[in-house]
Amino acid sequence: MLRTQIMCPLRAIALSALLSWIPCSHASDESLDVLHWWTSQSERRAADWLARQAIEQGIPWQDAVIPGGGGGGAMRVLKSRVLSGRPPASAQLNGYPVSEWADLGLLLELNTPAQDNMWQDHLFPAVIDTIRFRDHWVAAPLGVHRINTMLLNRKLFERAKVSPPKTWDAFEQAATALQQAGIRPLAQSSEPWQVATLFESLVLAEGGAQFYGQVFVKQAPTAFQAPQFAQALTRLRKLKQWMGPISDQPWDVLAKRFARGEAAMFIMGDWAKGEVMAMGLEPEQDFWCQAVPGSESAHLYSIDTLVMFNGNYARQSTQWALASLLTTLPVQLGFNRIKGSVPVLRNLNANLLDSCARQSWIAFGKGPLAPSLTHRMAADEQFKATVINQIHRFFIDDRVTISEVQRKLAATTRYLRQNSHDTQHTRR
Ligand code: GAL
């Protein structure tokens, strides 16, 4: 059997301020297929960079990439692989699905890498909450994305002689000036998950983090009928006038258009920052990042994690080694810099981050926090899909009224709640 020397990074973290590794021995003759949905230029670079770090440590990473922004396709492929008895060694999962797969008993416990690397001490509390299930560690965290991110093309703002808008009134003025200068103010796709990604930022901006939690985490039917929810819908419809002709372009195509100067602003998770930087643009010099107007005090987050599937004892030590590698400081800094996200470590020198990442990392540490619905952090698939469908319909069809969306969502939520109570009752 081929035996490779591999470093045990996190044991050393405690000893030497997260910077050096100590070796340990580990068997690595089993290749590790890692299922993920990172296919854009920056995502690809980030995944390749990570694969190289793993391979250098004797972890035979084998890429299993399923295209499709937001991970819809990857989630379907994962289900069918598990159902046909061929689960990957590792898969990218965010939020809710982590505990759902863990509940089915399919995930390898990562208690050993978690202890070796002192995750309890080093990770942000919201990250810990996401990757623990019934007192066990069940996922290895990679990075934190900020969804309520707005990118602004500096050259275009300077050409139109306007400053970055911090309020919606200022946004309207800036958009008017940009349009008068022949510049498309806002890039946006009509792909359902992209519309929902924008909309959840608007709910946060209109209602604040507590209201956001009432709507998307507690799923209180009355919250859907609240004026703040109606305002978020009004805002979504108003923003349409600044988007130009809309089609269902992938997000990375829009990021490229923004980078080429074809739109002045782009509201998207900060993976878009990674894409823009992959095209050679630099924060401050070429573009600015800020929170979506009205949402600056809060961090709307999504956490990328890798889970390991159990059932194959021969590959377990390699899976643990990969989990360990992910939270080392060099990997956290290197991967997240390319990906556009920020490290999951709560103690680090913020000067090591670019200005966009710094804002996000500080806001994530301070809170208040809002878990992304669209990116599976807030609720299960059924509720998420219901909201996305209604919001998408409202966005593409101007005949759909605000009160109709409110009524439908409140009614569906009531139904889903009733149904899940019934199911829980039957299970007991
Ligand atoms: C998110 C994921 C990001 C990025 C994005 C676009 O769900 O957290 O890592 O890949 O989708 O595909």
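We count ligands from 1, going down the list as the structure has it; atoms in each ligand are counted the same way.
Selection from Trp251, Trp193, Trp271 by nearest heavy atom to atom 5 (C) of ligand 1 gives Trp271.
Between Arg44 and Asp252 no salt bridge is recorded (no basic side-chain N to carboxylate O distance below 4.0 Å).
Per-residue contacts place His145 under 4.0 angstrom from the following atoms of ligand 1 (heavy atoms of the residue considered): 3 (C), 8 (O), 9 (O). Close contacts between ligand 1 and Trp38 involve ligand atoms 9 (O), 10 (O) [criterion: under 4.0 Å to a heavy atom]. The distance from ligand 1 to the heavy atoms of Gly69 drops below 4.0 Å at these ligand atoms: 12 (O). When each atom of ligand 1 is checked for a heavy atom of Ser302 under 4.0 Å away, the hits are 8 (O). Atoms of ligand 1 found under 4.0 Å from any heavy atom of Asp304, numbered from 1 in the order shown, are 2 (C), 3 (C), 8 (O), 9 (O).
For residues 76-156, there are no disulfide (SG to SG under 2.5 Å) pairs, not counting sequence neighbours.
Remark: minimum distance from atom 4 (C) of ligand 1 to any protein heavy atom is reached at Glu43 OE2, 3.3 Å. Scanning all protein heavy atoms for the shortest distance to atom 12 (O) of ligand 1 gives Gly70 N, 3.0 Å. Atom 7 (O) of ligand 1 has as its closest protein heavy atom His375 ND1, 2.7 Å. With hydrogens left out, the protein atom closest to atom 3 (C) of ligand 1 is Lys339 NZ, 3.4 Å, a heavy atom. Trp37 NE1, 3.4 Å is the protein heavy atom nearest to atom 11 (O) of ligand 1.
Using cut-offs of 30° and 60° on the angle between ring planes, the pair Phe216 and Tyr212 is perpendicular. Note on ring orientation: taking the six-membered ring where Trp is involved, the planes of Phe266 and Phe258 are tilted (angle from 30° to 60°).
For Arg237 and Phe394, the positive end sits near the middle of the six-membered ring, less than 6.0 Å away and at most 45° from its axis.
Not counting sequence neighbours, Arg346 has no partner by the salt bridge (charged side-chain N to carboxylate O under 4.0 Å, His left out) test.
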message: Working note: Arg358 + Asp354, criterion salt bridge (Lys or Arg N to Asp or Glu O under 4.0 Å); need CA distance, chi angles, decisive distance, verdict.
response: CA-CA 6 Å; Arg358 206 157 41 236; Asp354 67 48; over 6 Å; no
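Between Trp168 and Lys238, the closest side-chain pair of non-hydrogen atoms is not below 4.5 Å.
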